[in-house]
There are 2 protein chains.
Amino acid sequence: MARKQGSHADITGPKVQQAALRLIADHGFAAVSMRQIAAEVGVQAGALYNYTPDKQSLLFDLMQGHMDDLLGALEAAAFQGDALTRLEAFTRFHIRFHLPRADQVFVSYMELRNLSAANFAEIEKMRHRYEDALEDILRVGQAEGVFAVADTRVATMAIIGMLTGLSHWYRDGGRLDMIEIEAIYWDLVRKSVAKPA
Amino acid sequence: MARKQGSHADITGPKVQQAALRLIADHGFAAVSMRQIAAEVGVQAGALYNYTPDKQSLLFDLMQGHMDDLLGALEAAAFQGDALTRLEAFTRFHIRFHLPRADQVFVSYMELRNLSAANFAEIEKMRHRYEDALEDILRVGQAEGVFAVADTRVATMAIIGMLTGLSHWYRDGGRLDMIEIEAIYWDLVRKSVAKPA
DNA sequence: GTCTATAAGATGATAGAC
DNA sequence: GTCTATCATCTTATAGAC
């Protein structure tokens, strides 16, 4: 099959997403121009519009893709067992999913206000589903008398805040590797909601 | 004393900072133009340059001012007593200082990558001093056998992450007021580093 | 699918009048 | 101290050739 010269949709498409993610994570959505993204990909600016109708959609697709991956992985994990076991599984899942995706996490967190109202609502809904998965675990554990939290919603937000914060300071090749970090964070999370002995 | 018409340095100066903070918190530094800030203040764009040499300095001054306030308030608080008492004081201090300053917290957190390298280093140094205040408390408590944390630095970052995350979701007029939130967060923090009974 | 060229407007910052 | 006017450059997005 003859291919038209200069036609590389299957290669360029992913490269656009990748370049956009990289640049937006580094400099912020508003600070990155379509020309910069095009230069990183190795095409002219006009060619980008074969892959996205506009700049806003490019951001939305990145964030939606990230949330799709997250919720898909969460569902696939399907934590089983008692509340304490499920909380440990959630904690370790969160860290293992997020730490290797520093750019996606950063963009998904920092660029929410650059989404259009409709796109923002969409992403927020997905994020809410993720939070609810944790709150469900806390509520069951609370009902079973395994946990002792004053408010499951606040505890949910506090734990997710603690875990998400990790992505903002952790760097590969640092003093502690991911396995060690995971153990320390799980210890903190476990105790924070534990029933006093 | 006759004042030149149209001369309002003492009024305009603070208004510029205030307008910039407000707009940058809402839309992001790169997305906000000097013209937008000027319009919010009620002057023309050129007049802003009586108050800042350039846009970058405007951002830096906002962030430096916030960190100055934070470190000043921390020093003034001068937590006394045993490690547990000091940890409680730090936790409540953090929440009481940050919750009423949502815009400043947001900007100081989100716009770090829009600082020049030199300005970034300056702010990071200040942030580090704040983190060290908490780590000092944890280290003392650990040495005294009051706390049981696997790693004081990681625990420091985890607790600050948890507390900072609060600023990202808390809204005035919500289900719980600041006093209730404070109690719940202190309970989580206290237990997370507690020695098992 | 990618290119070049371009439209139509916004940007940070400065100069000089008042 | 603020204004108006301006510079030089950058912006997103589109049109049409190949």
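Below, chains carry the letters A, B, ... as their sequence lines are ordered, and counting in each starts from 1.
- Under a 3.5 Å cut-off, the side chain of A:Ser33 and the backbone N or O of A:Gln36 do form a donor-acceptor pair.
- For B:Gln44, whose side chain is taken as the heavy atoms from C-beta onward, the closest listed nucleotide among D:dC3, C:dG1, D:dG1 is D:dC3.
- Between A:His66 and A:His98, the two ring planes are perpendicular [angle over 60°; tilted spans 30° to 60°].
- Between the side chain of B:Lys55 and the backbone N or O of B:Val32, at least one donor-acceptor pair lies under 3.5 Å.
- For CZ of A:Arg22, the number of neighbouring non-hydrogen atoms (other residues, nucleotides, ligands) closer than 6.0 Å is 12 at most.
- Counting to the nearest Å, the C1' atom of D:dC3 and the OH atom of B:Tyr51 are 13 Å from each other.
- Here the C1' atom of nucleotide D:dT4 and the CG atom of B:Leu48 are 15 Å apart, to the nearest Å.
- Atoms NZ (A:Lys15) and P (C:dG1) sit 15 Å apart, rounded to a whole Å.
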Collect all protein-nucleotide pairs involving nucleotides 11-14 of chain C in which both atoms are nitrogen or oxygen and the distance is under 3.5 Å.
unit_1	atom_1	unit_2	atom_2	d
C:dT11	OP1	B:Ser33	OG	3.3
C:dG12	OP1	B:Lys55	NZ	3.1
C:dG12	OP2	B:Met34	N	2.9
C:dG12	N7	B:Arg35	NH1	3.0
C:dG12	O6	B:Arg35	NH2	3.2
C:dA13	OP2	B:Tyr49	OH	3.0
C:dA13	OP2	B:Lys55	N	3.0

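- Atom NE2 of A:His8 and atom P of C:dC3 are 9 Å apart (whole Å).
- B:Thr156 and B:Glu131 are not linked by any side-chain donor-acceptor pair at a separation below 3.5 angstrom, with hydrogens and angles left out of the test.
- Scanning both residues, A:Ala30 and B:Ala30, for their nearest heavy atoms gives CB-CB, 3.8 Å.
- Phosphate contact (OP1/OP2 of C:dG1, side-chain N/O of A:Thr12, threshold under 4.0 Å): absent.
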